[in-house]
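In what follows, every heavy atom counts, from backbone to side chain, and hydrogens, waters and symmetry copies are set aside. All chains are named by letter (A, B, ...) in the order of the sequence lines, taking the proteins before the strands, and each is independently numbered beginning at 1.
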There are 2 protein chains.
Amino acid sequence: MLDDSTPSRDEPGAHGDRHPARPATLKEIGALAGVSIATVSKALNGRADVSRATRQRVQEAADRLKFTPNSLAQGLLAGRTGTVGLLTNDLEGRFSIPVLMGAEDAFGAGSVSVFLCDARGDAIREQHHIRALLSRRVDGLIVVGDTTNPRVPLAGSIPVPVVYAYAPSSDPRDMSAVNDNVSAGRMAAEHLVACGRTRIAYLSGDPAFTAAGERVAGARAALREHGLDLVGGEALYGEWSEIWGRAGARSLLARHPEVDGIVCGSDQVARGVLDALRELGRHVPNDISVIGHDNWELLVTQSRPQLTTVDSNLQELGRTAARLLGEAIDGRTASGTHTVACRLVVRGSTLGAV
Amino acid sequence: MLDDSTPSRDEPGAHGDRHPARPATLKEIGALAGVSIATVSKALNGRADVSRATRQRVQEAADRLKFTPNSLAQGLLAGRTGTVGLLTNDLEGRFSIPVLMGAEDAFGAGSVSVFLCDARGDAIREQHHIRALLSRRVDGLIVVGDTTNPRVPLAGSIPVPVVYAYAPSSDPRDMSAVNDNVSAGRMAAEHLVACGRTRIAYLSGDPAFTAAGERVAGARAALREHGLDLVGGEALYGEWSEIWGRAGARSLLARHPEVDGIVCGSDQVARGVLDALRELGRHVPNDISVIGHDNWELLVTQSRPQLTTVDSNLQELGRTAARLLGEAIDGRTASGTHTVACRLVVRGSTLGAV
DNA sequence: CTGAAAGCGCTTACAG
DNA sequence: CTGAAAGCGCTTACAG
């Protein structure tokens with residue numbers, strides 16, 4: 001019988017001996033329950049061949065000692081650690097955290113833990129992190145880009161599966177999980193057309209980003225299907241900023257005052273456009289409908305009016321990356337680029353347009 | 001002699017056999033170099049008592065096999081894993097990532113790896129993550145709050161040191177690393193006074209946040225030292241949003257048109273204030289100087305003019321948290337609340353004020 | 001200077 | 001149903 005009145009070895013006063021004994025081991029549980037460590041292991045792992053009575057006795061002893069199995073030892077035996085590395089360059093955490101969350105979901109909370117490493121755009125630091133992660137025997141790696149541009153694959157031969165998220169690997173044989181920016185652009189233009197807009201212009205971002213051109217291409221394709229083309233014949237490129245959005249909108253409206261819809265390459269650009277239109281006395285959405293990309297909370301909910309946008313579903317992207325990685329770890333490799341759809345989020349900047 | 005012309009067992013074609021043999025072990029290196037694993041271990045770990053010749057032979061063999069030591073095995077022996085858990089509720093990653101970066105710096109990249117877990121404000125999920133982390137035998141835990149409000153300490157007796165970052169633990173005996181919001185508020189007001197402002201108002205954020213009141217208290221203290229008080233006698237509270245910033249500014253200016261400086265509880269509020277002032281025809285900084293808090297890149301660089309603000313030094317906060325945790329892990333516990341200073345960042349919204 | 005042995009905490013055949 | 005033994009990959013006294 002376990003004597004519950006005896007204070008357990010692991011229950012110090014709340015703030016007295018704060019880090020008491022090292023964690024309990026199978027051996028100690030075995031001693032307390034009067035069985036061998038092999039039996040403790042089986043009992044705790046729910047193996048069939050343990051008597052009910054023994055199993056219960058072991059369980060009680062384990063609870064008494066606040067037993068937590070040592071994953072290191074388990075990992076050493078199993079040849080698998082249940083850990084993955086998430087490598088990012090994302091200084092602001094805008095992409096990494098949603099991707100991390102999606103990955104946690106997909107892996108099933110608890111069964112897999114994620115090492116997050118920020119390389120800060122530094123190749124040396126990236127190498128350090130990779131070495132450390134491999135030394136910790138992660139089962140796989142997710143590399144999150146800070147832009148949608150393809151990136152060079154990790155250097156050297158990595159002995160575990162790697163999935164590139166957001167930014168694909170430039171090697172098509174690698175596994176990548178990315179947004180479908182073409183259909184995102186299509187989605188944006190379709191929505192403006194559905195709002196009854198026919199004189200639609202495009203204010204894009206930095207042309208050095210593949211996402212910029214892809215979104216424009218999608219939008220133009222959609223317009224063509226409706227017998228339309230972009231006002232001015234071309235998208236205007238600048239940078240991913242409100243400043244550019246404001247300047248671009250002024251310039252656009254000066255040349256093409258007839259515009260009744262503007263697709264913006266990002267929410268930042270769109271936010272600038274909204275401010276400029278307000279100052280030009282153009283009403284959104286009555287005179288002009290505006291739509292952005294990204295669904296960046298801070299920008300879209302605080303603008304006047306709130307901004308309709310195309311969400312990148314980053315969390316879903318993370319889930320997809322994690323799923324791919326999981327399959328590869330299990331030997332069912334699905335190489336190549338996997339696409340995650342975006343999602344229209346309608347708000348005041350297009351809603352109620354006449 | 002090692003024969004370099006023989007392809008090593010670990011060099012598959014770039015995309016052929018992608019995940020070749022499991023990683024090399026000391027045993028394999030020993031076999032290749034013709035020594036025992038004990039000697040391999042000593043040679044690779046730079047122990048003194050190994051002959052130069054042997055050490056070199058071992059090193060060559062290790063390089064040949066692309067040896068990476070198994071941290072799990074090392075951790076099992078050492079009773080230390082060189083890992084810490086970072087527990088956050090920060091959906092946007094705005095705080096977690098800078099804190100993570102600071103922690104990586106303080107720990108020294110490579111020597112410590114960080115598990116990042118997002119509890120998403122869910123106590124159950126937090127428990128799951130803690131169990132998983134303890135199972136992985138992290139050496140310590142950093143708990144990052146998503147607000148500056150004190151939080152309840154982790155439930156149960158955690159067998160490793162815990163440092164609370166950004167949000168302190170409500171138990172003063174715990175280790176916490178937080179901003180000094182009082183002196184941040186003081187800093188903001190001092191700066192406006194230094195700019196020659198004398199009719200200074202305060203537009204705060206959500207009064208439910210301790211940071212709101214602390215910043216106000218600091219600002220008032222600074223003003224009093226200059227024989228000033230807040231215009232209107234009190235700070236105006238609302239929420240942490242541009243919408244409130246716009247509304248608050250209008251209301252403030254209607255009642256106190258003489259205002260020549262506005263301290264804002266956050267950059268979001270300040271951004272709203274800037275927009276409202278512009279629409280009211282008040283020039284910033286000539287008529288009115290405006291200062292915010294947080295130095296949130298997206299907000300401060302895209303506003304008109306750019307926003308002077310008080311940076312929270314989150315990365316430094318992360319370094320401090322990591323340093324505290326490191327000391328606690330080494331047994332040199334420094335309990336209590338440790339404060340990280342903020343930093344004034346001057347931009348156009350106060351610069352050049354007449 | 002080198003190596004055999006014990007052991008970190010666990011799991012898994014294999015006997016009993 | 002239970003346990004002794006081997007072993008995952010490594011480090012560390014301890015002999016030689």
- prompt: Just how far, in rounded Å, is P of C:dC10 from CD1 of A:I37?
  reply: 8 Å
Whole-Å gap separating P (D:dT2) and CZ (A:R57): 8 Å
- line: Considering only heavy side-chain atoms of B:S51, the closest of C:dC10, D:dC1, C:dT2 is C:dT2
- request: Establish, with yes or no, whether the OP1 or OP2 oxygen of D:dT2 is under 4.0 angstrom from a side-chain nitrogen or oxygen of A:T54.
  value: yes
field: For atom CG of A:L134 and atom C1' of D:dG9, their distance in whole Å
entry: 16 Å
message: The side chain of B:T39 is closest to which nucleotide in this list: C:dC10, C:dT2, D:dA4?
response: C:dT2
- request: For B:L44 and C:dT2, give me the distance from atom CG to atom P, rounded to whole Å.
  value: 14 Å
- prompt: What is the distance, rounded to the nearest whole Å, between atom CG of A:L26 and atom P of D:dT2?
  reply: 16 Å
- prompt: Considering Watson-Crick and G-U wobble pairs with both distances under 3.5 Å, what does D:dC14 pair with?
  reply: C:dG3
message: Would you measure the distance from the P atom in D:dC10 across to the matching atom in C:dC1 and give it in whole Å?
response: 24 Å
query: Just by distance, do the side chain of B:T81 and the backbone of B:G75 share a donor-acceptor pair under 3.5 Å?
result: no
Flag, side chain of B:D118 to backbone of B:R120, donor-acceptor distance under 3.5 Å: yes
task: With heavy atoms under 4.0 Å as the rule, sort B:R47 into base, sugar-phosphate or nothing.
output: sugar-phosphate
query: Between atom CG in A:N45 and atom P in C:dT12, what is the gap in whole Å?
result: 7 Å
- prompt: Quick one: A:N70 CG to C:dG9 C1', roughly how many Å, whole number?
  reply: 6 Å
- line: Against the side chain of B:Q74, the closest entry in D:dC10, C:dA5, C:dG9 is D:dC10
message: Can you give me the closest heavy-atom contact between A:L317 and A:Y166, atom names plus distance?
response: CD2-N, 3.5 Å
- prompt: Looking only at N and O atoms, is any donor in the side chain of A:K42 or the base of D:dG3 less than 3.5 Å from an acceptor on the other one?
  reply: yes
message: Pick the closest DNA chain C nucleotide for B:A38 and for A:L77 by heavy atoms, then say which residue is nearer the 5' end.
response: B:A38
query: More than 12 non-hydrogen atoms from neighbouring residues, nucleotides or ligands closer than 6.0 Å to CZ on B:R332, yes or no?
result: yes
- prompt: Is the backbone of B:R80 close enough, under 3.5 Å, to the side chain of B:D139 for a donor and an acceptor to pair up by distance?
  reply: no
- prompt: For B:Q56 and C:dT2, what is the distance between atoms CD and C1' respectively, to the nearest whole Å?
  reply: 18 Å
task: When you get a sec, tell me which of C:dA4, D:dG9, D:dG3 is the closest nucleotide to the side chain of B:S36?
output: C:dA4
query: For A:D49 and A:L76, take the nucleotide of DNA chain C holding the closest heavy atom to each; which residue's nucleotide lies nearer the 5' end?
result: A:L76
